[in-house]
Chemist: 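Sharing a structure below in structure tokens format, with a few things to ask.
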2 protein chains.
Amino acid sequence: MQELDCYSGNDMMYVATDCIVFGFSSDELKLLIFPRRVEPNKGAWSLIGSFVTLDEDVDSAAQRVLEQITGLEHVFFEQLKTYGAADRDSGYRCISVAQYALIRIGEYDRELVEKHGAYWYKLDEVPPLCLDHDQMVRDALTELRRKARYQPIGFELLPEKFTLPQLISLYEAIYQKKLDPRNFRKKILSLNVLTKLEEKDKSNSKKGAYFYKFNSENYKRLLESGYHFEL
Amino acid sequence: MQELDCYSGNDMMYVATDCIVFGFSSDELKLLIFPRRVEPNKGAWSLIGSFVTLDEDVDSAAQRVLEQITGLEHVFFEQLKTYGAADRDSGYRCISVAQYALIRIGEYDRELVEKHGAYWYKLDEVPPLCLDHDQMVRDALTELRRKARYQPIGFELLPEKFTLPQLISLYEAIYQKKLDPRNFRKKILSLNVLTKLEEKDKSNSKKGAYFYKFNSENYKRLLESGYHFEL
DNA sequence: ACAAAAGTGTTACGTGTACACCCATGA
DNA sequence: TCATGGGTGTACACGTAACACTTTTGT
């Protein structure tokens with residue numbers, strides 16, 4: 001059909017997608033990693049990933065991987081960067097589209113995770129990973145920090161109902177520094193993107209902390225009004 | 001050598017890289033585009049790009065493309081995003097790693113550009129492009145705007161020696177709005193990343209405007225001191 | 001009553017923003 | 001001398017950052 005096309009004579013290669021999966025529990029950011037079960041680098045720690053097939057979108061491949069491992073259909077994930085060094089994979093030429101994902105620890109299917117031999121590591125205790133996965137994690141963390149300042153993605157790491165002390169602790173974990181609870185409250189509440197619930201969480205104190213949930217309608221309205229969100 | 005490897009049975013595909021090339025002249029942001037010379041979509045307007053070969057990094061491929069078209073060895077470019085929809089290319093499965101590049105119009109080799117049939121279009125007059133290239137341009141512009149606020153990449157679009165009125169006009173073009181010259185000067189000069197030269201540019205006024213150049217040592221020091229650069 | 005975490009208000013300071021005039025020069 | 005663009009300073013508003021005490025309640 002095509003007289004002169006642009007494909008013939010060019011090289012084909014494998015395309016993979018790898019997921020940097022973050023979670024949050026016990027006031028710590030965690031990373032989900034796996035012992036690799038195939039050569040090359042069998043046995044080494046690795047991010048979870050998969051090859052992209054001919055008939056699926058790159059993003060669908062990431063979604064498939066995340067669903068396989070967590071059992072959750074809707075997980076927040078976003079493209080981080082593509083790693084395309086010619087020598088990045090010692091086996092055969094393969095580029096990887098890295099995605100970072102934020103999941104609510106507790107909501108995913110523990111069995112599924114354990115079946116894959118996965119472990120949650122505290123971010124500062126992650127062992128060396130195979131290939132260029134260490135670099136991916138560093139880049140994802142940088143991106144998470146950047147992004148969390150301008151967009152309320154932090155909520156993806158918390159249960160649907162969360163308390164302000166939890167939220168503060170999350171941001172402290174992301175930025176690795178103490179925040180002033182008064183100023184933090186003032187700022188986040190002034191944005192009008194949190195809905196206060198009647199219910200209290202008494203698991204951490206006698207007094208109990210009110211639950212809030214994220215109000216995405218108000219957030220949308222805030223964005224539409226041209227507001228420059230920042231935490 | 002490997003008993004069970006992870007490659008066999010998986011799909012291979014073409015990997016391309018496409019470049020969104022921005023320039024700045026006559027107080028306007030410009031985009032460099034090309035009439036496509038191969039099927040599919042022969043004749044349609046297109047970004048410049050190329051397939052990635054088996055033995056080159058994805059980024060090297062972008063560099064190669066940019067050098068071919070501009071004749072310049074050192075051009076600022078950065079990965080934008082990877083476009084990996086299964087149906088994005090009507091010919092054969094192909095994903096594209098998009099890169100955006102900033103070049104100094106005037107420094108590149110005009111003959112090379114013309115030989116390829118390239119044109120500089122004002123951003124708001126760009127004709128429809130083939131495949132998903134329109135989306136790439138929109139995304140690149142969003143990224144350029146974001147990035148220019150936090151990193152001094154704007155200088156990549158100006159000659160080495162430039163005047164403050166030129167710089168203001170560049171930022172006005174990027175953000176599509178008037179800026180207050182007094183406030184802009186105050187801010188940019190307070191960062192100490194510009195070196196004032198003795199020489200004046202008299203091409204736009206009788207009085208003449210002082211030339212400045214970007215001081216990358218001071219900029220590095222500024223970053224190392226943990227400063228949160230913002231324009 | 002006391003321990004432990006949740007919640008609240010004020011002030012000082014720096015940064016961003018709005019705004020109008022003088023300067024230098026070539027024609 | 002005048003027209004043109006280049007360059008400067010100040011006052012006010014706002015947001016950020018620093019800081020300490022009261023409240024609630026289970027034990």
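Values reported hereafter were calculated over all heavy atoms of this structure, with side chains retained and with hydrogens, waters and symmetry mates removed. So you know, we letter chains A, B, ... as the sequences are listed, proteins then strands, and number each from 1.
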Chemist: Between Arg182(B) and Tyr212(A), which has a closest nucleotide on DNA chain C that is more 5'?
Modeler: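 Its nucleotide being nearer the 5' end, the pick is Tyr212(A).
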Chemist: Among residues 159-181 of chain B, which residues get a heavy atom nearer than 4.0 Å to DNA chain D?
Modeler: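 The stretch gives Pro165(B) as the residues lying under 4.0 Å from the strand, ordered by number.
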Chemist: Please tell me whether Asp201(A) and Thr163(A) have a donor and an acceptor in their side chains that are separated by less than 3.5 angstrom.
Modeler: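 Short answer, no.
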Chemist: Side-chain polar contacts of residues 112-131 of chain A - donor-acceptor pairs under 3.5 angstrom, sequence neighbours left out - could you list them?
Modeler:
| residue | atom | partner | partner atom | Å |
| --- | --- | --- | --- | --- |
| His116(A) | ND1 | Leu112(A) | O | 2.8 |
| Trp120(A) | NE1 | Tyr108(A) | OH | 2.8 |

Chemist: Using the heavy-atom set of chain A and a strict 4.0 Å cut-off, write down the first and last nucleotide of DNA chain C that makes it in, 5' to 3'.
Modeler: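 Extent of the interface on DNA chain C: dA5(C) to dT10(C).
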Chemist: Can you list everything that forms a side chain to side chain contact (heavy atoms under 4.5 Å, CB included) with Gln135(A)? Sequence neighbours excluded, please.
Modeler: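 Once residues adjacent in sequence are excluded, the partners of Gln135(A) under the side chain to side chain contact (heavy atoms under 4.5 Å, CB included) criterion are Tyr83(A), Arg138(A), Asp139(A).
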Chemist: Show the distances under 3.5 angstrom between N or O atoms of the protein and N or O atoms of nucleotides 25-27 of chain D.
Modeler:
| residue | atom | partner | partner atom | Å |
| --- | --- | --- | --- | --- |
| dG26(D) | OP1 | Lys202(A) | NZ | 3.2 |

Chemist: Taking side chain to side chain contact (heavy atoms under 4.5 Å, CB included) as the definition, give me every residue that meets it alongside Arg182(B), ordered by chain and number, with sequence neighbours left out.
Modeler: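 For Arg182(B) the side chain to side chain contact (heavy atoms under 4.5 Å, CB included) partners, ignoring immediate neighbours, are Asp180(B).
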Chemist: Scan residues 160-177 of chain B for pairs that pass salt bridge (Lys or Arg N to Asp or Glu O under 4.0 Å), counting only residues two or more places apart or in two chains.
Modeler: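 Only Lys161(B)-Glu199(B), Glu172(B)-Lys178(B) qualify under salt bridge (Lys or Arg N to Asp or Glu O under 4.0 Å).
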Chemist: Specify the separation, in whole Å, of atom CZ of Arg185(A) and atom C1' of dA18(D).
Modeler: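 My rounded result for the distance is 17 Å.
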Chemist: Please name all residues satisfying side-chain hydrogen bond (donor to acceptor under 3.5 Å, both in side chains) with Asp27(B), sequence neighbours left out, ordered by chain then number.
Modeler: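 Asp27(B) satisfies side-chain hydrogen bond (donor to acceptor under 3.5 Å, both in side chains) with Ser169(B) once adjacent residues are dropped.
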Chemist: Between the protein and nucleotides 14-17 of chain D, list every N/O to N/O distance that falls short of 3.5 Å.
Modeler:
| residue | atom | partner | partner atom | Å |
| --- | --- | --- | --- | --- |
| dT16(D) | OP1 | Lys187(A) | NZ | 3.0 |
| dA17(D) | N6 | Lys186(A) | NZ | 3.2 |

Chemist: Going by the side-chain contact (heavy atoms from CB on, under 4.5 Å) test, name the single residue among Val21(A), Val75(A), Leu144(A), Leu158(A) that passes it with Leu102(A).
Modeler: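 It is Leu144(A); the other options fail the test.
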Chemist: Please output the side-chain donor-acceptor pairs of residues 211-221 of chain A that fall under 3.5 Å, not counting sequence neighbours, one pair per line with the distance.
Modeler:
| residue | atom | partner | partner atom | Å |
| --- | --- | --- | --- | --- |
| Asn215(A) | OD1 | Glu217(A) | N | 3.2 |
| Asn215(A) | OD1 | Asn218(A) | N | 2.9 |
| Asn215(A) | ND2 | Thr195(A) | OG1 | 3.3 |
| Asn218(A) | OD1 | Arg221(A) | NH1 | 3.2 |
| Asn218(A) | OD1 | Arg221(A) | NH2 | 3.3 |
| Asn218(A) | ND2 | Asn192(A) | O | 2.9 |

Chemist: Between the main-chain N or O of Ala98(A) and the side-chain N or O of Lys81(A), is there a donor-acceptor pair closer than 3.5 Å?
Modeler: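 Checked: no pair found.
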Chemist: side-chain hydrogen bond (donor to acceptor under 3.5 Å, both in side chains) with Arg64(B): which residues, sequence neighbours excluded?
Modeler: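 For Arg64(B), the residues satisfying side-chain hydrogen bond (donor to acceptor under 3.5 Å, both in side chains) (neighbours in sequence not counted) are Ser50(B), Glu56(B).
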Chemist: The criterion is side chain to side chain contact (heavy atoms under 4.5 Å, CB included); which residues satisfy it with Gln63(B), sequence neighbours excluded?
Modeler: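 Checked Gln63(B) against side chain to side chain contact (heavy atoms under 4.5 Å, CB included); matches are Phe77(B).
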